[in-house]
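For reference, the structure is listed below as structure tokens.
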Amino acid sequence: DGIMTEGQPQLYGGPSKSMKTSVLVDQCISLAAGVPFLGRYEVPKAKRVLLLSSESGGATLQETALRICKAKEISLADLGDQLHWGFRPPQLNAADHIATLANIILKDKIDVLGIDPAYLSMNLMGNEAANQFAVGAVLQNLSNLQAETGCTPILAAHFRMHMKPGTPPTLEHVAGAGFGQWARQWVLFNRREAFNVDNPGSHQLLMVFGGSAGHSGAVTLDIEEGRIQDGRFWDVSIGSSSEFQKQLVSETEKRKRDQEDRTYENHRVAILRAFKLYPKGETKTQIKNSTSINSSYFGRVFLDLQTSQEIESCEIDRGELKKDGTLKTYPGFKLVDPASRG
């Protein structure tokens, strides 16, 4: 109630370390068990759910699911056929994958299908991720699957760029084109405070949600997971975002955000220019040395370029031989070239 409407494709989105996958697991468990999502949002009727998550790994997802179930005072094992799991990304532009998904959904009477993350299931070439028509064609397959089976899809996507903590997330931040037009409802995240490596189990988030059915809202979402050495748990609290929003609209904060956005874009352009100097690819270190960008900024932008599939890994051949006479290569990266992929 207030978060998700049946029969409307839903989009999850957020930057790295914004807890997208963990919160999606909470939603899927809540739907399957018929218990409140995040302890607040009621589930009127339990649904049969299939979650295909291929980024975190099965062991991590199981550990997260067990903690969430314990917090909800339910047993993961007792959910039985209500909650199905898969750990390999379906390819949404492959007819045989779509047909297999349809058969599974109909056979197991699945009501909700979650796919996490989107980019591993899109299989787009080169810069097609930035092409609204290319992305839209793949997403249409998911819409057709919904129309054929009646199963409501949830798709989790990364944001296209680093976001300063506290910036309200919007559909415009989603990496790739066409997702905002496809989604009829959404749940978006950003951190209110930067990720703290000394306290990695504490997350202060901003969660924004809404949809074309008319539901909308923004809340502060605090998640405490504890530390591995002390035993991890799942403790969620939701608060009003009104005071926090007042803080964000100050002109000083706006100027700071604009400056960071400009700095980020300048660094992004500089790194892409450096790559153009090495059409066959170069090591990450050499690319960094060609830009004179400090390590903190460089690493962040470089990771975003990988996530948005603008660069890809490759092997660098400098014509050197090993002692045994075989060719010596170096791990590197290069700009993605659509022509090179056929």
Side-chain angles (χ1 to χ4, degrees), residues 2-3 11-30 36-41 55-56 60-61 63-65 67-68 70-72 116-117 156-175 186-210 216-250 252-261 264 296-297 299-300 303-304 307:
I3 293 286
L11 182 70
Y12 261 57
S16 176
K17 301 295 185 183
S18 64
M19 302 296 288
K20 295 185 299 296
T21 297
S22 294
V23 176
L24 177 58
V25 171
D26 189 305
Q27 179 169 328
C28 289
I29 289 173
S30 301
F37 170 48
L38 297 174
R40 170 175 291 194
Y41 303 100
E55 194 170 49
S56 300
T60 298
L61 286 172
E63 190 270 343
T64 300
R67 287 188 286 114
I68 292 173
K70 184 175 181 180
K72 296 178 183 295
D116 169 47
H158 290 287
F159 278 0
R160 62 180 170 81
M161 61 182 292
H162 168 74
M163 292 182 65
K164 179 182 178 182
T167 303
T170 70
L171 290 172
E172 294 179 355
H173 292 114
V174 177
W186 51 87
V187 182
L188 308 175
F189 303 90
N190 191 23
R191 300 189 73 91
R192 304 197 317 274
E193 298 180 12
F195 179 75
N196 185 352
V197 294
D198 296 321
N199 189 15
S202 183
H203 313 277
Q204 290 75 46
L205 309 172
L206 181 65
M207 184 174 86
V208 176
F209 51 91
S216 65
V219 297
T220 58
L221 173 62
D222 294 337
I223 300 175
E224 296 294 334
E225 298 185 288
R227 302 186 305 172
I228 294 177
Q229 56 267 41
D230 300 324
R232 303 185 79 205
F233 51 88
W234 182 259
D235 183 42
V236 176
S237 60
I238 294 176
S240 170
S241 67
S242 57
E243 289 301 318
F244 185 69
Q245 293 286 0
K246 290 178 183 178
Q247 173 189 349
L248 292 176
V249 298
S250 71
T252 300
E253 287 296 315
K254 184 178 184 302
R255 285 198 296 268
K256 289 181 180 178
R257 290 198 300 271
D258 290 344
Q259 180 58 47
E260 286 206 0
D261 288 345
Y264 176 93
S296 176
Y297 275 107
R300 190 167 61 193
L303 179 60
D304 288 344
T307 300

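Reckoned from all heavy atoms, side chains included, excluding hydrogens, waters and symmetry mates. We're numbering straight along the sequence, starting at 1.
No donor-acceptor distance shorter than 3.5 angstrom exists from the side chain of Ser18 to the backbone of Phe189, with no hydrogens or angles considered. A donor-acceptor pair under 3.5 Å links the side-chain atoms of Lys20 to the main chain of Pro15, judged by distance alone. A donor-acceptor contact shorter than 3.5 Å links the side chain of Asp26 to the backbone of Leu38. Looking only at distances, no side-chain donor or acceptor of Lys17 sits under 3.5 Å from a matching main-chain atom of Ala194. Under a 3.5 Å cut-off, the side chain of Arg232 and the backbone N or O of Arg227 do not form any donor-acceptor pair. Side-chain atoms of Thr64 do not come within 3.5 Å of backbone N or O of Ser22 as any donor-acceptor pair.
Annotation: side chain of Met207 is in contact with side chain of Val187 (closest heavy-atom distance under 4.5 Å). At least one side-chain heavy atom of Ser202 sits less than 4.5 Å from a side-chain heavy atom of Glu224. For the pair Val219 and Phe209, the minimum side-chain heavy-atom distance is below 4.5 Å.
Atom CG of Leu205 sits about 9.5 Å away from atom OG1 of Thr220, to the nearest 0.5 Å.
Between Arg67 and Glu63, at least one side-chain N (NZ, or NE/NH1/NH2) sits under 4.0 Å from a carboxylate O, which counts as a salt bridge.
Smallest separation of non-hydrogen atoms from Leu11 and Ala157: CD1-CB, 4.1 Å.
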- request: Would you please test Phe37 and Val23 for side chain to side chain contact (heavy atoms under 4.5 Å, CB included) and show each step?
  value: CA-CA 9 Å; Phe37 170 48; Val23 176; 3.7 Å; yes

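Checking Asn190 against Thr167 by side-chain atom types alone, no donor-acceptor pair falls below 3.5 Å.
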